[in-house]
Number of protein chains: 2
Amino acid sequence: MSAESAFPPIDHDHGRCVDLLMSAVERLRAEQTLRLTPQRRRVLEMVAASHVALGAYDILARLGGGNGRPMAPISVYRALDFLLQHGLVHRVESLNAFIACTRPGARHDALLMICSVCRRVAELQSPAIEAAIAASAAAGHFLVTHPVVEIAGICRVCRAADR
Amino acid sequence: MSAESAFPPIDHDHGRCVDLLMSAVERLRAEQTLRLTPQRRRVLEMVAASHVALGAYDILARLGGGNGRPMAPISVYRALDFLLQHGLVHRVESLNAFIACTRPGARHDALLMICSVCRRVAELQSPAIEAAIAASAAAGHFLVTHPVVEIAGICRVCRAADR
DNA sequence: GAGCAATTGTTATATTGTATCATTTCTATC
DNA sequence: GATAGAAATGATACAATATAACAATTGCTC
Ligand SMILES: [Zn+2]
Ligand SMILES: [Zn+2]
Ligand SMILES: [Zn+2]
Ligand SMILES: [Zn+2]
């Protein structure tokens, strides 16, 4: 996702976002043995349906209104753990929440921008940031296993709306 | 703090770390009107006494053994909020915990390295990382208010010990 | 010392995340 | 197809983290 399209207009064709994600997942499922059970799929779709990061209990509440009896919290967390393991969602540490990955299949650490106005979260790609982190770590003989970058601020859409 | 001294030996003279911090605080207190009450000071000293990030309830438990009756959770959080406001501690988002700032007085966003073996947290200085984040944000017309960088990995001390 | 703002106390509650063990579902093999 | 093991889910309880609301106290200014 380019820097320019990271925060799309609020009223964009979001079905397309979800479709892109789910088709990427289908590809993964065909290649690997990805056991995307109905539960896990429902959680993934729920997360993918929002550009705002969802907490586990948000997901729980939204799933409860469905067909079967509501899931227990632990079940949501288990589904989220699975999705995290397989790189389909990212955890947003500073929000205790989760966001769908925009590049599933390409294993990567997430660089996130978080808009404090519209609450949306966008994934960023930046070899420069990754390189700078790698260089600093190397200088301190620190072995990086999982870099977390979550940039809080105001997105271009909200800045434009604020005029 | 240079990259090399970020993770000091486990058995270093830690009193010196605390003293450095507290003297910096004293300077701040003289210059500004920093109301470092006994409560706040106790919390700050507690955080400064550890290179491992402490959760609010860790602090609570350690303070409880003191003189007066134990503080309520809210009181610890209020003290921590104050210390955060004044740049004396940083919140470690990925741990829901807190670490003393190694450069109080110089307002800055924290770049943290977190060792998953010894659990210690070190503050990093890196204009390169800051610049790369600023550049990416600018490219996406994103206005940065609070960048969070928390690099999980293994520190040089633990790597050396692992041989 | 009266008035006001900042801090702290007290109690209750909200939010986020796990432990444990039973049950069900899936898969491979015979 | 029966069957045994592995993976996933259900069910219940609980732990850990964080905040709301309002009362009481402290510290400062006039
Ligand atoms: Zn979308
Ligand atoms: Zn926004
Ligand atoms: Zn020290
Ligand atoms: Zn270490």
Side-chain angles (χ1 to χ4, degrees), chain A residues 25 29 32-47 50 52-64 66-86 88-99 114 119 121 148 150, chain B residues 25 29 32-47 50 52-64 66-86 88-99 114 119 121 148 150:
Chain A
V25 169
R29 209 160 66 88
Q32 311 170 21
T33 53
L34 181 69
R35 290 182 63 173
L36 191 66
T37 63
Q39 293 242 26
R40 290 165 173 174
R41 171 178 283 269
R42 283 204 298 160
V43 171
L44 176 57
E45 286 173 341
M46 194 62 64
V47 174
S50 172
V52 174
L54 298 181
Y57 283 79
D58 292 333
I59 296 167
L60 193 56
R62 297 183 189 201
L63 286 178
N67 34 10
R69 70 188 49 174
M71 292 166 77
I74 185 73
S75 294
V76 174
Y77 282 102
R78 287 197 278 225
L80 287 169
D81 282 346
F82 174 88
L83 298 172
L84 285 168
Q85 294 284 323
H86 291 80
L88 303 179
V89 304
H90 296 292
R91 179 177 166 85
V92 188
E93 297 291 349
S94 58
L95 298 178
N96 294 330
F98 303 85
I99 197 83
I114 305 168
R119 320 299 307 183
V121 176
V148 171
E150 300 179 1
Chain B
V25 169
R29 211 160 65 89
Q32 312 169 20
T33 52
L34 180 69
R35 292 183 60 172
L36 191 65
T37 63
Q39 293 243 25
R40 290 164 174 173
R41 171 180 283 270
R42 283 204 298 160
V43 171
L44 176 57
E45 285 172 341
M46 194 63 65
V47 175
S50 172
V52 174
L54 297 181
Y57 283 78
D58 293 333
I59 296 167
L60 193 55
R62 298 183 186 202
L63 286 178
N67 34 12
R69 69 186 51 172
M71 293 167 74
I74 184 74
S75 293
V76 175
Y77 281 103
R78 288 197 278 226
L80 287 169
D81 281 345
F82 174 89
L83 298 172
L84 284 169
Q85 294 284 321
H86 290 80
L88 303 180
V89 304
H90 297 292
R91 179 178 166 84
V92 188
E93 297 290 350
S94 57
L95 297 178
N96 293 330
F98 302 84
I99 197 84
I114 306 168
R119 322 299 308 182
V121 177
V148 171
E150 299 179 2

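Letters A, B, ... are given to chains in the order of the sequence lines, protein chains preceding strands, and every chain is numbered from 1. What you see below is based on every heavy atom in this structure, not just the backbone, and it leaves out hydrogens, waters and symmetry mates.
The R78(B) side chain lies nearest to dT8(C) when the options are dT11(C), dT8(C), dA18(D). Taking every side-chain heavy atom of Q39(B) into account, dT8(C) is the closest of dT18(C), dT10(C), dT8(C). Closest approach to the I74(A) side chain among dT19(D), dA11(D), dT10(C) is made by dA11(D) (side chain taken as heavy atoms from C-beta onward).
Mapping L95(B) and P73(A) onto DNA chain D by nearest heavy atom places P73(A) at the nucleotide closer to the 5' end.
Regarding contacts with the backbone of dT9(D), every side-chain N or O of S75(A) stays at 4.0 angstrom or more from both OP1 and OP2. One finds a side-chain N or O of T37(A) lying less than 4.0 angstrom from the OP1 or OP2 phosphate oxygen of dT9(D). At least one side-chain nitrogen or oxygen of R40(A) sits closer than 4.0 Å to the OP1 or OP2 atom of dA8(D). Side-chain nitrogen and oxygen atoms of N96(A) include at least one within less than 4.0 Å of the OP1 or OP2 phosphate oxygen of dG17(C).
Once rounded to the nearest 0.5 Å, the distance linking CG of L84(B) with NE2 of H86(B) reads 11.0 Å. Considering CZ of R62(A) and CD of E45(A), their distance stands at 14.0 Å, rounded to 0.5 Å. The structure places CG of D81(A) at 9.5 Å from CZ of R91(A), a figure rounded to the nearest 0.5 Å. In this structure, CG on L60(B) lies 12.0 Å from CG on L54(B), to the nearest 0.5 angstrom.
Nearest heavy-atom pair across S50(A) and I99(A) is O-CD1, 4.0 Å. Of all heavy-atom pairs between F98(A) and L80(A), the closest is CE1-CD1, 3.6 Å. Between A97(B) and A53(B) the shortest heavy-atom distance is CB-CB, 3.6 Å.
If you take CG of D81(A) and P of dT9(D), they are 12 Å apart, rounded to a whole angstrom. L80(B) places its CG atom 15 Å from the P atom of dT7(C), with the value rounded to the nearest Å. In this structure, the OH atom of Y77(A) is 7 Å from the P atom of dT16(C), given to the nearest Å. In this structure, the CE atom of M71(B) is 12 Å from the P atom of dT10(C), given to the nearest Å. Atom pair L83(A):CG and dA8(D):P shows a separation of 12 Å (rounding to whole Å applied). Between the C1' atom of dA16(D) and the CG atom of L60(B) lies a distance of 12 Å, rounded to the nearest Å. Distance CG (D58(B)) to C1' (dA16(D)): 10 Å, rounded to an integer number of Å. Counting to the nearest Å, the C1' atom of dT26(D) and the CG atom of L36(B) are 16 Å from each other.
Among the atoms of the strands shown, none is found under 4.0 Å from any heavy atom of R41(A). Among the atoms of the strands shown, only primed sugar atoms or phosphate atoms (P, OP1, OP2) are found under 4.0 Å from some heavy atom of R35(B).
One end of the helix from dG1(C)-dC30(D) to dC30(C)-dG1(D) points its axis 20° away from the other end's axis, with each axis taken from 5 pairs and the angle rounded to 10°.
When M71(B), R42(B), M46(B) are each tested for a side chain to side chain contact (heavy atoms under 4.5 Å, CB included) with I59(B), only one passes: M46(B).
Taking the 5.5 Å centre cut-off and the 30° plane limit, the aromatic side chain of Y57(A) is not classed as stacked on dT15(C).
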